[in-house]
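Keep in mind that this is a model prediction, so the values were computed, not measured.
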Amino acid sequence: SWMFAAAPYTLPRNPTLVAKPVSPTLRASRLLVRFKSLSSVSTLFSMPERRPFVRLPTDVYPVNYGLRLKPDLIDFTFEGKLEAAVEVTQGTNQIVMNCADIDIITASFVPEGGDEINATGFNYQNEDEKVTLCFPSILQKGSGSLKIDFVGELNDKMKGFYRSKYMTPSGENRYAAVTQFEATDARRAFPCWDEPAIKATFDITLIVPKDRIALSNMNVFDRKPYPEDHSLVEVKYATTPIMSTYLVAFVIGEYDFVESQSSDGVTVRVYTPVGKAEQGKFALEVATKTLPFYKDYFSVPYPLPKIDLIAIADFAAGAMENWGLVTYRETALLIDPKNSCASSRQWVALVVGHELAHQWFGNLVTMEWWTHLWLNEGFASWIEYLCVDHCFPEYDIWTQFVSADYTRALDLDALDNSHPIEVDVGHPSEVDEIFDAISYSKGASVIRMLHNYIGDEDFRKGMNAYLLKFQHKNASTEDLWECLEQASGKPIAAVMNSWTKQMGFPIIVVDQEQHGSDRVLKISQKKFCASGPRNGTYENCPNWMVPISICTSEDPSCTKMKVLLDQPETTVNVTNIAPDHWIKINPGTVGFYRIQYSSAMLESLLPGIRDLTLLPVDRLGLQNDLFSLARAGMISTVEVLKVMEAFVNEPNYTVWSDLSCNLGVLSSLLSHTDFHEDIQEFIRNLFTPIGMKLGWDSKTGEGHLDALLRGLVLGKLGKAGHKGTLEEARRRFKEHVEGKQILPADLRSPVYLTVLKHGDSTTLDTMLKLHKQADMQEEKNRIERVLGAIPAPDLIQRVLNFALSEEVRPQDTVSVIGGVAGSSKQGRKAAWKFVKDNWEELHNRYQGGFLISRLIKLTVDGFAIDKMAAEVKSFFESHHAPAAERTVQQCCENILLNAAWLKRDAEDIHQYLLQRKAPPV
């Protein structure tokens, strides 16, 4: 599912919010889709006691669920009847199932060929979301039928069977009934064995108003009037394949659709709000190209007759891969040819690619337990890029992967409070916590490294064997390694266990000596820590099996040699290399590690940035490594600023995007000093040449990446107070508002941001008016994310109050508050106070979901004073948020890291920035 749904943060994969603001493109900010000398940190934040947890007993299991549901869209309740074909494997007088927020009215068991036995009691264990049905006699081994009548609530928590508010074209508020079951919320819609390994088939019937669309996983095979009420119809769907409960779905509401057929004969529909069918065409085109691509890649056909993609108004994640009925946030599916920007198109393409990959990897073969969730999400987060690269080669999407996923995962995984990719998960409340950047982005990054290590042909062969062997069943991480090992003959399990079972990653330290015409490299590994090198012996240090590639200046795009580093250090002899040629480790920035070169090696690489002989992805990787070494105190931040100045001729969007993120982090850090304006000047100087070159208007022959780069650069210059950019933004904004010259979609975010950052109450009023008038959710989100830039304290307060108003959809409140926190020192303080003051409402709204983690991260990650870490820690000790425990620890660690960085480097940075301005003597 796309957790990362955000948009620019990125959820979701979002440009202006996060500690490491991901470029607007990777809008998911992706975990919001689809998101750690502090040796005292680990002891400071100890994990609370784990809640005891037991999986369901195996003495009774379902074979088929016959399920009838009748939702009431006025009173927000539903009635249900379950008739499940079950198998009793050993005699028992009770049946234990999952059940939450449901009232069972009657329950009985009918053994095959025997008499009905009524249950005499229902014992609810609410804490564990279970119910025990007690029977007066032993249910004998064999087949039988379990019948349950029950009622439930169409809740407003965006989980289980819930209600989603939408407005009809005539302006009336109505509600749709929709589902979101992953990870553990099918039990809110019907009593079930809600564990991924307990698969069964489903026969679903929905009783709904006859003027509404009703969809489920399978095609409709019967629709007839409901005898008791002629305003209703009874809709029956074909039997599903054997599947897990978390993938079941139903949607009842009002929608239009566009339809097509993929080249392999699957009917594809995209359902949109009424009157917006045209906005489904882009996703339809992506989906119809993607299904045959995956069929070919996996050599396994898509197993259902149809697939629907549908936009849901109130939706917590980015999207959800329900088999045959994929649900999306509107912004992750709908594209308006005139009003959608390039980054939105790219976001939609990625999310569609991600969810359709799950139809095979996750739905056909499902993880045995949530411990292996990363396999689902990491794999889909990797292959979505493969798919988009196939559909849209002009996006240069693999370079963007490095900035959006790879570096983001490295940042999080360097923390003491990170976690391994594979986490033992017990209680349902622990499952939400692992929908994070480690499962998605590190998962995707190590799969990319693995694919590179094995080679595409053997990788596909192994994937095909895995899907065929485990189709309609469940598998674990080890099962995949075994199939890939057999296909490639390489020690896959041994290599990959070091990346999935222990947290963190190595820093590879490299030095060189020239011996005649050979270059001898000394390469060693140790764990990279965000707080800098740890003193300690090598005995207890973790080691990784590190696939290392090496290239030289002779051909920077070609790997000259590969080694597998499986011990703490080694030497490598590179033959036939002239003394004046450079050597680069990790070409393509594929290996999941940081690199520290000797100063001579680094010096030889830097001209490759200026003259562009290094590939874009390697220019990006070099800069990003140096930035993180500076944050860890291993080099001075001034050294990184000098390297950043070498990017003045840089043409590549993604390289600029990563540079921009890191300067954003630095600017946020230095907002705690009295020389914040000096770093703004540095940013203006660095971005002015490329800004002048690009100008404001797109030129003929420009493409997707030019549009993204222009938006990025103008936004950066405007935010930093570049005079010409500010004046032009104000002029264009005025014309836009007056309707004289509507801003192209790609310029709206930078212009809105610029005028707000230097705006007053009139500007804010105008923006709120534009928000109210906007017909498209994308435009509303675009405005919501930048409102926080407004500088005056009283206006900041207005924006925060607006975040909780009816004007903002519940899942988007988080990005409004995050925008305030990320925009200034005052904003950060105000947002944190607002979250504390409104904690009950916010926690109640997002309880247990990943949105609460995102909210906390966006609000407090930017503080840089030791005592704030203590304040955040003590607040959450008295205001429990179980799904966000690890996030709170990571944020406290980040605050202490920021504070240490500031103490260490602030004065040097200040002197450097002053000396840059001083006239040469």
Point to revise | Student check: side-chain heavy atoms of L364 and H472 closer than 4.5 Å | key: yes

Practice item. Return the minimal non-hydrogen interatomic distance between A287 and V268, and the atom names on each side. Key: CB-CG1, 3.9 Å

Practice item. Report yes if some heavy atom in the side chain of I138 is under 4.5 Å from a heavy atom in the side chain of Q90; otherwise report no. Key: no

Review point. Are the side chain of E83 and the backbone N or O of S145 linked by a donor-acceptor pair below 3.5 Å?
Key: no

Exercise for review: Would you check if the side chain of Q180 reaches a backbone N or O of E182 as a donor-acceptor pair within less than 3.5 Å?
Suggested key: yes

Exercise for review: Output the distance between atom CD (Q777) and atom CG (L333), rounded to the nearest 0.5 Å.
Suggested key: 13.0 Å

Review point. Would a distance-only check, ignoring hydrogens and angles, find a side-chain to backbone donor-acceptor pair under 3.5 Å from N126 to E129?
Key: no

**Study point:** Residue pair D812 / N781, side-chain donor-acceptor N/O under 3.5 Å
**Key:** yes

Practice item. Verify, without hydrogens or angle tests, whether K306 (side chain) and N217 (backbone) share a donor-acceptor contact under 3.5 angstrom. Key: yes

**Study point:** More than 12 heavy atoms from other groups under 6.0 Å of CD on E172
**Key:** yes

Check your understanding: Donor-acceptor pair, Q811 side chain versus A316 backbone, under 3.5 Å?
Key -> no

Review point. From L206 CG over to L232 CG, what is the distance, rounded to the nearest 0.5 angstrom?
Key: 12.0 Å

Check your understanding: Atom CD in Q471, atom CG in N363: separation rounded to 0.5 Å?
Key -> 13.5 Å

Check your understanding: Just how far is it from atom OG1 of T272 to atom CD of Q279, taken to the nearest 0.5 Å?
Key -> 7.0 Å

Point to revise | With sequence neighbours excluded, residues passing ring pair (Phe, Tyr, Trp, His ring centres under 6.0 Å) with F76 | key: Y175

Check your understanding: Nearest 0.5 Å, what's the OG-OH distance between S853 and Y846?
Key -> 12.5 Å

Review point. Between the main-chain N or O of G318 and the side-chain N or O of R329, is there a donor-acceptor pair closer than 3.5 Å?
Key: no

Check your understanding: So, T366 versus K199: side-chain donor-acceptor pair below 3.5 Å or not?
Key -> yes

Check your understanding: Taking NZ, NE, NH1 and NH2 as the nitrogens, is one of them in D308 or R269 under 4.0 Å from a carboxylate oxygen of the other?
Key -> no

Revision key, fill the gap. Note: W839 and A881 closest approach over all heavy atoms is CZ2-CB, 3.9 Å

Review point. Is the Y328 to F315 ring centre distance short of 6.0 Å?
Key: no

Check your understanding: Is the shortest heavy-atom distance from the side chain of H843 to the side chain of I852 under 4.5 Å?
Key -> yes

Exercise for review: Output all residues satisfying side-chain hydrogen bond (donor to acceptor under 3.5 Å, both in side chains) with S143, sequence neighbours left out; order by chain, then residue number.
Suggested key: E87

Practice item. Let me see the working for V352 and L356 under side chain to side chain contact (heavy atoms under 4.5 Å, CB included), right down to the final yes or no. Key: CA-CA 6 Å; V352 169; L356 295 190; 3.9 Å; yes

Could you pull out all donor-acceptor pairs under 3.5 Å where a side-chain atom in residues 102-122 meets a protein atom, sequence neighbours excluded?
{"from": "S108", "atom 1": "OG", "to": "E116", "atom 2": "OE2", "distance (Å)": "2.5"}
{"from": "T120", "atom 1": "OG1", "to": "C134", "atom 2": "O", "distance (Å)": "3.2"}

Review point. Just checking, is any N or O donor in the side chain of T89 or D59 under 3.5 Å from an acceptor N or O on the other one?
Key: no

Review point. Hey, is NZ on K81 packed in by over 12 heavy atoms from elsewhere, all under 6.0 Å?
Key: no

Check your understanding: Going through the checks in order, is the side-chain hydrogen bond (donor to acceptor under 3.5 Å, both in side chains) test met by T327 and N322?
Key -> CA-CA 7 Å; T327 46; N322 316 298; 3.2 Å; yes

Check your understanding: Could you walk me through whether V348 and V286 pass the side chain to side chain contact (heavy atoms under 4.5 Å, CB included) check?
Key -> CA-CA 9 Å; V348 168; V286 177; 5.6 Å; no

Point to revise | Trace of the side chain to side chain contact (heavy atoms under 4.5 Å, CB included) decision for N844 with K157 | key: CA-CA 9 Å; N844 181 42; K157 301 279 188 279; 3.8 Å; yes

**Study point:** Value rounded to 0.5 Å, distance of CZ in F202 from SG in C192
**Key:** 7.0 Å

Point to revise | Side-chain donor/acceptor of D156 to backbone N/O of Y162, under 3.5 Å | key: no

Practice item. Locate the shortest heavy-atom distance separating K210 from R223; write the atom from each residue and the value. Key: O-NH2, 3.2 Å

Revision key, fill the gap. Tightest non-hydrogen contact, residues A214 and Y237, listed as O-OH, 2.7 Å

Review point. Is it true that a side-chain atom of D479 and a backbone atom of S476 form a donor plus acceptor pair closer than 3.5 Å?
Key: yes

Practice item. Verify side-chain hydrogen bond (donor to acceptor under 3.5 Å, both in side chains) between T267 and Q261, making sure each step is shown before the conclusion. Key: CA-CA 5 Å; T267 301; Q261 282 238 329; 3.0 Å; yes

Review point. Knowing that exactly one of L82, T132, D194 qualifies, which makes a side-chain contact (heavy atoms from CB on, under 4.5 Å) with M97?
Key: L82

Check your understanding: Can you tell me if E885 and H880 form a side-chain donor-acceptor pair at under 3.5 Å?
Key -> no

Check your understanding: Does any N or O in the side chain of T92 come within less than 3.5 Å of the main-chain N or O of Q94, such that one atom is a donor and the other an acceptor?
Key -> yes

Check your understanding: Step by step, would you call E807 with K780 a side chain to side chain contact (heavy atoms under 4.5 Å, CB included)?
Key -> CA-CA 10 Å; E807 299 290 317; K780 285 191 190 290; 5.6 Å; no

Donor-acceptor list for residues 247-257 side chains, cut-off 3.5 Å, not counting sequence neighbours:
{"from": "E254", "atom 1": "OE1", "to": "Y166", "atom 2": "OH", "distance (Å)": "2.5"}
{"from": "E254", "atom 1": "OE1", "to": "R174", "atom 2": "NH1", "distance (Å)": "2.9"}
{"from": "E254", "atom 1": "OE2", "to": "R174", "atom 2": "NH1", "distance (Å)": "2.9"}
{"from": "D256", "atom 1": "OD2", "to": "G275", "atom 2": "N", "distance (Å)": "2.7"}

Exercise for review: For L284 and S260, work out which heavy atoms get closest and say how close.
Suggested key: CD2-CB, 3.7 Å

Point to revise | Closest heavy-atom pair and its distance - C99, V131 | key: CB-CG1, 3.6 Å

Review point. Do T813 and R845 come close enough that some side-chain heavy atom pair is under 4.5 Å?
Key: yes

Distance-only check: which donor-acceptor pairs under 3.5 Å involve side-chain atoms of residues 61-74, not counting sequence neighbours?
{"from": "N64", "atom 1": "ND2", "to": "T201", "atom 2": "OG1", "distance (Å)": "2.9"}
{"from": "N64", "atom 1": "ND2", "to": "D203", "atom 2": "OD2", "distance (Å)": "2.8"}
{"from": "Y65", "atom 1": "OH", "to": "W193", "atom 2": "N", "distance (Å)": "3.0"}
{"from": "R68", "atom 1": "NH1", "to": "E234", "atom 2": "OE2", "distance (Å)": "3.3"}
{"from": "D72", "atom 1": "OD1", "to": "I74", "atom 2": "N", "distance (Å)": "2.8"}
{"from": "D72", "atom 1": "OD1", "to": "D75", "atom 2": "N", "distance (Å)": "2.9"}

Point to revise | Side-chain donor-acceptor contact under 3.5 Å, N93 with S137 | key: no

Check your understanding: So which pairs with a foot in residues 367-376 pass side-chain hydrogen bond (donor to acceptor under 3.5 Å, both in side chains), sequence neighbours left out?
Key -> R55-E368, Y246-N376, H372-T477, W374-T477

Check your understanding: Stepwise, does the ring pair (Phe, Tyr, Trp, His ring centres under 6.0 Å) test hold for Y302 with Y294?
Key -> CA-CA 8 Å; Y302 173 74; Y294 285 149; over 10 Å; no

**Study point:** H358 vs E377, side-chain hydrogen bond (donor to acceptor under 3.5 Å, both in side chains): CA-CA, chis, key distance, verdict
**Key:** CA-CA 8 Å; H358 277 311; E377 296 305 346; 3.1 Å; yes

